Number of protein chains: 2
Amino acid sequence: MGVQEVQACLDSAHQRCSESGLRLTQKREQILRLMLEAEAPLSPYEVVDLYNAQAEQNMPPNSAYRILDFLAEANLVHKLNSANKYIACSHIACSHPHSASQFLICSQCKTVKEVMMEPKLLKEIQKNVSSAGFKMRHPSVELECLCGECSES
Amino acid sequence: MGVQEVQACLDSAHQRCSESGLRLTQKREQILRLMLEAEAPLSPYEVVDLYNAQAEQNMPPNSAYRILDFLAEANLVHKLNSANKYIACSHIACSHPHSASQFLICSQCKTVKEVMMEPKLLKEIQKNVSSAGFKMRHPSVELECLCGECSES
DNA sequence: CTTCTAAATGATATGTTATATCATTGCACA
DNA sequence: TGTGCAATGATATAACATATCATTTAGAAG
């Protein structure tokens, strides 16, 4: 993601936060920037290492956990439960609303692709869920895959 | 699951393993029995504790990890990646083939319900995957939900 | 511009989960 | 009944996650 795009995301993030009364503090913004630039899923400890290397500071792990949780709550990053990692949302700067995401996770090289689910597909899944007496809490799906490159080799 | 059902699953598991050249050793069978009786997702360490309590032995954690991995490879238990837990497959003793599973995981009380996906639904998901150049490796889906009871309170 | 307050972050310790390495046991096969 | 490989055990330690309390900082109120 280019510098301008990152900046656009940060601006948009600031706006969305202030609209909903959330505080996008300096640290949180720094971490969000880092996630946007990474464009790959990062664990809290990886975030710590990256941040400390870049900022020559010493963020404790619990801060990284807290900040990532905040960003996930604010829908600025997604939590990939199956990998215990976080990845920047690829639609922060978009203005139009989005359907749920499918995360395709290559179990070999760990790249992640976020694709949209058709509303119809989401509805079908939710139908299964509700007929079992459950309610979906987080309309996203993580799938264990092989990416194009890895499935060739 | 009743005693007879558990036994039927174990018998079926033995047969399936010998057919495919896998060794369902005594330890592995004991762990599988334990998982079948539990009917709930268990972490490797929970398996260790249960086993040690029942058998008055002292299984090291790495053995539990290895055995659970084996059972998952053999499709006798499912690995729930989002929870890092394992749950006995609810269809070991069935003779007919099965479609992929949807695991509905209550994020509050942690109960899990395994429901089947209609082949049509699975196909749609796979279509999304392949049009992104990926291949599904494990046709199962874990969904963060609230169960009936928890969504009431 | 201060002062107050609550939220955010830091420091520290420790609990929990996962894995690496090597020794030992046990089962299949000759 | 040895022999060799797979399975398991023993041990240590790495990696991950969280709990608790101290400190700082940002925003509200005066």
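The shown structure was predicted, so the numbers you read here are calculated from the model rather than taken from an experiment. Here is the naming used below: chain letters follow the sequence lines, and residue numbers restart at 1 for every chain. Excluded from the calculations below are hydrogen atoms, water molecules and symmetry mates; all remaining heavy atoms, backbone and side chain alike, are included.
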Taking side chain to side chain donor-acceptor pair (under 3.5 Å) as the test, write out the residues that go with His14(B), two or more places apart. Glu29(B)
Round to the nearest Å and state the distance from [X] atom [atom1] to [N] atom [atom2].
{"X": "Leu24(A)", "N": "dA7(C)", "atom1": "CG", "atom2": "C1'", "value": "15 Å"}
{"X": "Glu46(B)", "N": "dT16(C)", "atom1": "CD", "atom2": "P", "value": "12 Å"}
{"X": "Leu22(A)", "N": "dA26(D)", "atom1": "CG", "atom2": "P", "value": "17 Å"}
{"X": "Glu29(A)", "N": "dT9(C)", "atom1": "CD", "atom2": "C1'", "value": "16 Å"}
{"X": "Asp69(B)", "N": "dT17(C)", "atom1": "CG", "atom2": "C1'", "value": "14 Å"}
{"X": "Glu73(A)", "N": "dA7(C)", "atom1": "CD", "atom2": "P", "value": "16 Å"}

Would you say the side chains of Tyr51(B) and Asn58(B) form a donor-acceptor pair under 3.5 Å? no
Would you say the side chain of Leu143(B) lies within less than 4.5 Å of the side chain of Val141(B), judging by non-hydrogen atoms? yes
Do Lys113(A) and Phe134(B) make a side-chain contact, defined as non-hydrogen atoms from C-beta onward lying under 4.5 Å apart? yes
Whether over 12 other heavy atoms sit under 6.0 Å from [X] [atom1]:
{"X": "Glu56(A)", "atom1": "CD", "value": "no"}
{"X": "Glu73(A)", "atom1": "CD", "value": "no"}
{"X": "Gln26(A)", "atom1": "CD", "value": "no"}

Measure from the side-chain N and O atoms of Ser82(B) to the backbone N and O of Ser82(A), and report whether any donor-acceptor pair falls under 3.5 Å. no
How sharply is the helix from dC1(C)-dG30(D) to dA30(C)-dT1(D) bent, taking the axes over five pairs at either end and rounding to 10 degrees? 30°
Can you give one letter per nucleotide of nucleotides 2-16 of chain D, going 5' to 3': B for a protein heavy atom under 4.0 Å from the base, S for sugar-phosphate only, - for none? -----SBBBB----B
